[in-house]
Amino acid sequence: MRGRGLPLLGLLATGVAWAASDIVSFVGRPDPALLSSEETRLWHQSSEQDGALQKQGSLYEDAALDAYLQGLCDRLFPEFDGAIRMRALRSTLPNAFMMPNGSTYMHAGMLAVVRNEAQLAAIIAHEGGHFVDKHGLRNMRRASKSIVFAQLVALGGVPLVGELIAASSIYGFSRELEREADAAAVERMSRAGYDLGEASAPFLALQGYYAVNKIKEPIFYASHPRLDERIDYFDAAADARGTAGGARNDEAFLAATAGARLFVLEEELKRRNHAVVIHLLSDAGLRATYPREADYHLAAALRQRNAAGDLARAEELLVPLSLERPEHPETWKLLGDLRLRAGQGAEARVHYLRYLELRPDAADRAFVERQLQKLESGATP
Amino acid sequence: MNVPARRTIWLLLPLLAGLLGAARVTQGPVTHSKARFAATLPVGWVMDMRGHTLSASRDGFNVQIIQLSRRDLKDAFPAQELSASADMDLEQLGELFVAEAKRQNENVEIQSTEPAVLGGRDAVRAEWSFATPNGLRFRVIAFIMTTPDGVFEVWYKAPALHYFERDRAAFEAVVASFKYDPELAKSRQR
């Protein structure tokens, strides 16, 4: 079998080289009328996928955030004049992907692990590089020789069908194409004046995320080439080109992404993924980039985990937060829960009432009212 | 389609339904002795009983579905790999229930979780919705309760458009009729 397989591999390799040789990169805003029939078909499928993501409610609807991401992308790819279109997705998985028609999606989960605009620029420049050099088409031609596209895959709530599995970057491309996109990212970041020293940080953050989630062989953004190799590549590029004077734009990034980052924490808590929330917010550097209310999310995650000392630590976080952000409803609810657990019913009652006053339409209102009734009747909850 | 072909399809449908373990619901409660519960399902709907699950639908199981099921306490929340206990705090049960739904479908939007009663016992009632890639929005009402015999769930899923409100009363009647019967478990053990 092995002996017969080798010539076949050779033929496939020749076929790939031939198939890729007639693919010419974009040099500016593409004219859809000039696309090949193969590309037109891919663009059409991509547009359908754009529609499906919208209909399914997968988009993170925040016009200001989308405008910020688009502005960043346009700064990196000025000659494309908006042809690479950025949207944020609700998915909490740290990922980003592009489709052959230029639609590029940034998962909210990716915004939660990066710390400034330069790091985000590294991701967008990388994805844009896939689009410019038509990696989707190249990968699809290669993959079409070896796999059948009859399956549907869903990653982070993003369902992809048929050729788009290979032609979008959601699962990453081959080692060669990912390296090309990394090289393009370095070039684009450098030209746009971003701090190249930040480019490796998102990949370091992903390493930590995978460790917490016990993902042994990451399927996206990490496997081709391996993360540590990519980190070394970006660091070497930063050393070679220098980072002096490069922009990080911390404040603009934090202002535009604060809502989406808190959304990720809330969604992870709803799924009881407390390990992810604790991992993110236990990193002092990353914690400093989150809004003050994130102390509530860390406290809620500690309560979910409920290991030795977690409840005491949660209370330590909540008490000062309740003083500094008295208008944050969930802080009062959680503080009430902790007080109740500690046998301080009177205190718990006050906190629960404050919570319902601030959040009259709370999804868990009936539970809180039930607890209040028990407290008022003197029953032990 | 010509008349003979249409007639053949109508003749084959009940046969196919029978082969798949489905049957029309008639008057009276349906007892699932293996799963230790009984409930009165909407008359005329198609029902399907397999394993520890009883399902019923009027227009097709992919359209609207009422489903009743039992799982062992140790298998209560498979997506979280967590077990449940018979005397679990209701709010905690609700939190785990919702987390399970969100882990199975990231696009689930939770509308409410609240204490409820199912078969005369304390339970949790939750409502959520989600949309499919073609934009069809489904609404779900689900109940969960724990007993020494396991975790019981009763839920209803239907498209938000037209079906959900139309068949909601039928579901509420099923909920009102639901009865967990530990005696069924005992009779099986004997």
Side-chain angles (χ1 to χ4, degrees), chain A residues 48-60 89-93 95 107-109 152-161 164 214 264 266-275 300 303-304 306 333-334 336-337 340-341 352 361-371 373-374 381, chain B residues 76-85 87-118 121-145 159-161:
Chain A
E48 286 186 345
Q49 187 64 41
D50 288 333
L53 287 170
Q54 186 158 26
K55 286 178 189 168
Q56 194 185 12
S58 297
L59 299 179
Y60 182 79
L89 289 183
R90 291 166 59 90
S91 173
T92 58
L93 273 175
N95 196 19
H107 289 212
L152 179 144
V153 294
L155 181 65
V158 180
L160 288 178
V161 189
L164 278 183
K214 299 182 180 125
V264 170
E266 279 155 22
E267 287 292 294
E268 294 292 16
L269 285 175
K270 283 180 192 166
R271 273 192 287 277
R272 291 181 59 86
N273 274 341
H274 47 77
R303 194 211 66 168
Q304 281 186 359
N306 198 14
K333 166 66 169 56
L334 188 50
D337 289 345
L340 191 65
R341 219 183 162 99
Y352 285 147
D361 58 347
D364 60 352
R365 184 179 182 96
F367 276 116
V368 180
E369 285 175 338
R370 182 170 178 263
Q371 209 67 274
Q373 280 171 6
K374 285 184 180 176
Chain B
F77 303 107
Q80 299 168 81
E81 296 178 358
L82 287 176
S83 59
S85 61
D87 57 350
M88 239 176 136
D89 171 68
L90 275 192
E91 191 171 1
Q92 192 193 359
L93 178 63
E95 201 178 299
L96 289 163
F97 192 33
V98 162
E100 195 71 10
K102 296 247 348 147
R103 283 185 183 219
Q104 286 170 7
N105 181 350
E106 192 170 30
N107 290 317
V108 156
E109 290 174 37
I110 308 296
Q111 267 82 51
S112 65
T113 51
E114 58 191 39
V117 172
L118 182 64
R121 302 171 73 98
D122 281 343
V124 171
R125 179 188 186 278
E127 267 197 68
W128 65 77
S129 66
F130 65 91
T132 63
N134 54 17
L136 184 61
R137 180 157 289 278
F138 280 85
R139 286 181 64 184
V140 175
I141 301 178
F143 289 78
I144 185 170
M145 72 172 187
L161 197 66

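Proteins get letters first, then strands, A, B, ... in listed order; numbering begins at 1 in each. Note that the structure is a prediction, hence the values are computed from the model and not measured. We use all heavy atoms of the structure for the numbers below, so side chains are in, but hydrogens, waters and symmetry mates are not.
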S.K.: Using non-hydrogen atoms and a 4.5 Å limit, figure out which bit of B:Val108 sits close to chain A: side chain, backbone, both or neither.
M.R.: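 B:Val108 has no heavy atom closer than 4.5 Å to chain A.
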
S.K.: For atom CD of A:Gln54, decide whether the heavy atoms of other residues, nucleotides or ligands shown that lie under 6.0 angstrom number more than 12.
M.R.: no

S.K.: Measure distances from B:Thr132 to the heavy atoms of chain A and classify the residue's part below 4.5 Å as side chain, backbone, both or neither.
M.R.: backbone

S.K.: Please flag which part of B:Leu136 lies under 4.5 Å from any non-hydrogen atom of chain A: side chain, backbone, both or neither.
M.R.: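 Neither the backbone nor the side chain of B:Leu136 comes within 4.5 Å of chain A.
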
S.K.: Please state whether the side chain, the backbone, both or neither of B:Glu109 comes within less than 4.5 Å of a heavy atom of chain A.
M.R.: side chain

S.K.: Can you confirm whether B:Arg121 is buried at CZ, in the sense that more than 12 heavy atoms of other residues, nucleotides or ligands lie under 6.0 Å from that atom?
M.R.: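 Count over threshold, so yes.
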
S.K.: Hey, what do you get for NZ (B:Lys102) to CG (A:Asn273), rounding to the nearest 0.5 Å?
M.R.: 11.0 Å

S.K.: Any idea which of B:Leu82, B:Asp89, B:Leu90, B:Asn134 has the most non-hydrogen atom pairs under 4.5 angstrom with chain A?
M.R.: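 The answer is B:Leu90.
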
S.K.: Do B:Val98 and A:Arg272 have side chains that approach each other closer than 4.5 Å (heavy atoms only, starting at C-beta)?
M.R.: no

S.K.: Between A:Arg370 and B:Glu91, is there a side-chain N and carboxylate O pair less than 4.0 Å apart?
M.R.: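 Looking at B:Glu91 together with A:Arg370, the answer is no, because their closest N to O distance does not fall below 4.0 Å.
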
S.K.: Give me the atom names and distance for the closest heavy-atom approach of B:Asn107 to A:Gly57.
M.R.: OD1-O, 4.2 Å

S.K.: Check whether B:Arg103 reaches the backbone of A:Arg271 with its side chain - one donor and one acceptor, N or O, closer than 3.5 Å.
M.R.: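 Answer holds: yes.
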
S.K.: Atom CD1 of B:Ile110 and atom NZ of A:Lys270: how far apart are they, to the nearest 0.5 Å?
M.R.: 7.5 Å

S.K.: Under a 4.5 Å heavy-atom cutoff, which of B:Gly135, B:Ala131, B:Pro115 has the most pairs with chain A?
M.R.: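 Top option by heavy-atom pairs under 4.5 Å: B:Pro115.
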
S.K.: Which atoms of A:Gln304 are under 4.5 Å from chain B, going by heavy atoms: the side chain, the backbone, both sets, or neither?
M.R.: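 For A:Gln304, the contact with chain B is made by the side chain alone.
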
